[in-house]
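Below: the structure, in structure tokens.
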There are 2 protein chains.
Amino acid sequence: MIDLEQRLRSRGCRLTSQREAVLEVLEENQGRPLRPEDIHALAAKRLPGMGLTTVYRTLELFCELGIIAPVHLASGRNYFEVVAGKHRHYMECISCGGVETIEVCMIEELADKVRSGSDFQVTSHCLSLFGYCGECSRKGVAEGHARAGRGWGAA
Amino acid sequence: MIDLEQRLRSRGCRLTSQREAVLEVLEENQGRPLRPEDIHALAAKRLPGMGLTTVYRTLELFCELGIIAPVHLASGRNYFEVVAGKHRHYMECISCGGVETIEVCMIEELADKVRSGSDFQVTSHCLSLFGYCGECSRKGVAEGHARAGRGWGAA
DNA sequence: AATCTTATTGAAAATAGTTTTCAATAAATA
DNA sequence: TATTTATTGAAAACTATTTTCAATAAGATT
């Protein structure tokens, strides 16, 4: 649980119940990236009447503050998660849509290689794997597929 | 240059001038991912009157055929590239929007680790780095930024 | 506590990107 | 050449996101 008020103040922003609600929803769902619509539905439970527009505005602000980060999944829609101590990446099943966490991540090593090989200053990245989860593989759904991602190419 | 006609036939699809135009445009722009709108503009130069709808339909079909693949850049829009022998990834500057190719890629090693650690069957992935290109870094644009990606969080 | 300033909000309208519908066209087959 | 049916373009529909704007409320000042 971060100090939301302090982070907001550092930017001249105010602490509101809407912003608290959005953060709480995301913190209660670590490991499960959510879309703006999902976040709105969950936040509106605690704060009836809360608008979707506010969710979008809050997500943008939280991203700028580094409190949350976008997650890139195959559907091409925007998902978000809180930036926790541990850095997560996901594998998404292109058959059932299930999302699993990748336990190993080599991004830091890759970023190091980039750093030493170019003058590009890496600040963030996007990494996700797509394919078939164990269950769907066993069901034999995975046949004659091609590459998938971002709403195109998936079966 | 792939044998488009053969690939299409294997699926009961027909070879049309529109499909040829889309493929040519993408092949002439290897290393430079394009958006549907860009592709339409370029294809319509050779084939005046060609519709944007057809571009969308063709991109979807080519993805299913494994001829092209989506590229995930920070803006969140859909970009595409032909699936060439060499597998590419990109670094996108969140200041000027410039795109550079990553020379090293560790995805295969990562996918191997995933394979041995779970029963997830990886068929594709998304990997991009975001940050500041050498030029923008030198200009001092990179200050007080946070993570970036998919249209949110970028300065 | 009352007042003030201005950041924030919700609703509606606007926009952007993508998909669907449908009648007309054209590719491949007979 | 005739026939079948995949494909096309235009318009309409749709979805996700952003903008506008008047009303509200957070936090500072008194």
- Is a donor on one side and an acceptor on the other found under 3.5 Å between the side chain of A/His89 and the backbone of A/Ile102? no

- Are any side-chain N or O atoms of B/His40 and backbone N or O atoms of B/Val22, one a donor and one an acceptor, separated by less than 3.5 Å? no

- Query: Could you give the angle between the helix axes at the two ends of the helix from C/dA1-D/dT30 to C/dA30-D/dT1, with five pairs per end, rounded to 10 degrees?
  - Reply: 30°

- Go along nucleotides 3-12 of chain C 5' to 3' and tag each nucleotide: B for a protein heavy atom under 4.0 Å from its base, S when only backbone or sugar atoms are that close, - otherwise. ---BBSBBBB

Those residues that, when tested against [X], pass salt bridge (charged side-chain N to carboxylate O under 4.0 Å, His left out) (two or more places apart):
X       : result
B/Arg46 : B/Glu24, B/Glu28
B/Glu20 : none
B/Glu37 : none
B/Arg32 : none

- Message: Would you say that A/Leu61 contacts A/Leu8 through its side chain, given a criterion of any heavy-atom pair below 4.5 Å between the two side chains?
- Response: yes

Distance, rounded to the nearest Å, where [X] contributes [atom1] and [N] contributes [atom2]:
X       : N      : atom1 : atom2 : answer
B/Glu60 : C/dT19 : CD    : P     : 6 Å
A/Leu4  : D/dG27 : CG    : P     : 10 Å
B/Glu5  : C/dA28 : CD    : C1'   : 10 Å
B/Arg11 : C/dA28 : CZ    : C1'   : 18 Å
A/Gln6  : D/dG27 : CD    : C1'   : 17 Å
B/His40 : C/dA16 : NE2   : P     : 17 Å
B/Glu37 : C/dT18 : CD    : P     : 9 Å
B/Ile39 : C/dT18 : CD1   : P     : 10 Å

- Item | Under-4.0 Å side-chain N/O to phosphate OP1/OP2 contact, A/Tyr56 with D/dT18 | no

- Task: Ignoring backbone atoms, test whether A/Asn78 places a side-chain nitrogen or oxygen under 4.0 Å from the OP1 or OP2 oxygen of D/dT17.
- Result: yes

- A/Ser137-B/Gln121 side chain donor-acceptor pair, cut-off 3.5 Å: yes

- Item | Carboxylate-amine/guanidinium contact A/Arg14 A/Glu5, below 4.0 Å | no

